[in-house]
Amino acid sequence: MHEIWKDMFVLGLPLAEKILRPIVVYAFLVISLRLSGKRELVQLNPFDLVVLLTLSNTVQNAIIGEDNSVTGGVIGATSLLIVNYLVVRFLYGHKRLDQLVEGRADVLIDNGKISLERLKKELISPNQLEAAARKQGFESLEGVQQCILEPGGTLTFVAKKPATDDIRHQELLARLESLMQEISRLRGAPPPANA
């Protein structure tokens, strides 16, 4: 029984190494994901998802080393959480550095026009963009005024607004219909059926 407790809780590596390994892997992943572009964060297709899943499995041994103890796992996870908290906290107070790390937003559709150059830069096909728009309730890209690829990889879609003349026309038709119903009611005849 004593051997089980030893295997579970006695560290197989020095404490400093258990703390340093996750920090090094964290820095590598932040830099490599930043260099690979926001597309990796969007996960628009199965290939990107497979890359992210296998990436986490690939760096697992680099984080834990030859130590499979519970204590080692807790120390590694705690190190990752603390480093992430400190980095996010630091970047919050340093906007320019935050922009350098996270990048800037990219406008993929502006005034209803798709920027094929921006799509190509981010390695997003028009079909993938349209699929993302459908997930957010758009029938097609025709109804999109603006699409922004946010620094965190989220796609934000803004719908086209109807023209002022169209709105005014609809309001006038509604008022006319209301007046026709009122006149029919005053005459005592049944109101006309709606078209």
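- Annotation: side-chain contact (heavy atoms from CB on, under 4.5 Å) contacts of Val25 (sequence neighbours excluded): Leu29, Val59, Ala62, Ile63.
- Rounded to the nearest 0.5 angstrom, Gln99 CD and Leu91 CG are separated by 11.5 Å.
- Here the side chains of Leu149 and Arg118 are not in contact, with every heavy-atom distance at 4.5 Å or above.
- The side-chain contact (heavy atoms from CB on, under 4.5 Å) check on Val70 picks up Met8, Phe9, Val74, with sequence neighbours excluded.
- Ile148 and Leu119 fall into different hydrophobic clusters, where Ile, Leu, Val, Met, Phe, Trp and Tyr residues are linked whenever their side-chain heavy atoms come under 4.5 Å apart, directly or through other members.
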Practice task
Go through Leu108 and Phe157 one step at a time and tell me if the side-chain contact (heavy atoms from CB on, under 4.5 Å) criterion holds.
Solution key: CA-CA 10 Å; Leu108 304 179; Phe157 291 91; over 6 Å; no
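- Residues Val83 and Leu55 are members of one and the same hydrophobic cluster, defined by side-chain heavy-atom contacts under 4.5 angstrom among Ile, Leu, Val, Met, Phe, Trp and Tyr.
- Cluster annotation: Ile64 and Ile23 are assigned to the same hydrophobic cluster (Ile/Leu/Val/Met/Phe/Trp/Tyr, side-chain heavy-atom contacts under 4.5 Å, transitive).
- Taking a 4.5 Å side-chain heavy-atom cut-off between Ile, Leu, Val, Met, Phe, Trp and Tyr, the cluster of Tyr85 extends to Ile82, Leu86.
- Atoms CG and CD, from Leu186 and Gln181 in turn, are 12.0 Å apart once rounded to the nearest 0.5 Å.
- A pairwise comparison of heavy atoms in Asp110 and Val107 identifies CB-CG1, 3.7 Å as the closest pair.
- Ala105 and Pro151 make their closest contact through N-CG, 3.9 Å (heavy atoms, listed as atom of the first residue, atom of the second, distance).
- Closest heavy-atom contact between Leu123 and Gln128: O-OE1, 3.9 Å.
- Between Glu182 and Arg185, at least one side-chain N (NZ, or NE/NH1/NH2) sits under 4.0 Å from a carboxylate O, which counts as a salt bridge.
- Evaluation of the side-chain contact (heavy atoms from CB on, under 4.5 Å) rule for Ser140 yields Glu130, Glu142 as partners, not counting sequence neighbours.
- Taken together through direct or relayed side-chain contacts under 4.5 Å among Ile, Leu, Val, Met, Phe, Trp and Tyr, Ile19 and Phe28 form part of one hydrophobic cluster.
- Taking CG of Leu13 as the start and OG of Ser69 as the end, the distance is 8.0 Å to the nearest 0.5 Å.
- A cation-pi arrangement, defined by a distance under 6.0 Å to the six-membered ring centre and an angle within 45 degrees of its axis, is present between Lys95 and Tyr92.
- Hydrophobic clustering of Ile, Leu, Val, Met, Phe, Trp and Tyr side chains at less than 4.5 Å, counting indirect connections, keeps Leu81 apart from Phe90.
- Residues Asn84 and Leu80 are not in side-chain contact: their nearest non-hydrogen atoms beyond the backbone lie 4.5 Å or more apart.
- Residue pairs meeting the salt bridge (charged side-chain N to carboxylate O under 4.0 Å, His left out) criterion with at least one partner in residues 55-81, sequence neighbours excluded, are Lys18-Asp67.
- Atom CG of residue Asp106 and atom NZ of residue Lys121 lie 4.5 Å apart, to the nearest 0.5 angstrom.
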Exercise for the section: Walk me through it: do Val87 and Val30 pass the test side-chain contact (heavy atoms from CB on, under 4.5 Å)? Expected result: CA-CA 11 Å; Val87 167; Val30 166; over 6 Å; no
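- Across all their heavy atoms, Phe138 and Gly143 have their closest contact at CE2-O, 3.6 Å.
- No hydrogens or angles considered: a donor-acceptor pair under 3.5 Å links the side chains of Asn111 and Gln145.
- Of all non-hydrogen atoms in Thr54 and Thr58, the two that sit nearest each other are O-OG1, 2.6 Å.
- No salt bridge links Glu171 with Arg175; every basic N to acidic carboxylate O contact stays at or beyond 4.0 Å.
- What you find for Leu155 and Gln136 is that their closest heavy atoms are O-NE2, 2.8 Å.
- Side-chain contact between Leu11 and Ile75: present, with at least one pair of heavy atoms (C-beta onward) separated by less than 4.5 Å.
- Residues near Val158 contribute nothing to a hydrophobic cluster around it, because no ILVMFWY side-chain heavy atom sits closer than 4.5 Å to its side chain.
- Rounding to the nearest 0.5 angstrom, the gap separating the OG atom in Ser178 from the CG atom in Leu173 is 12.5 Å.
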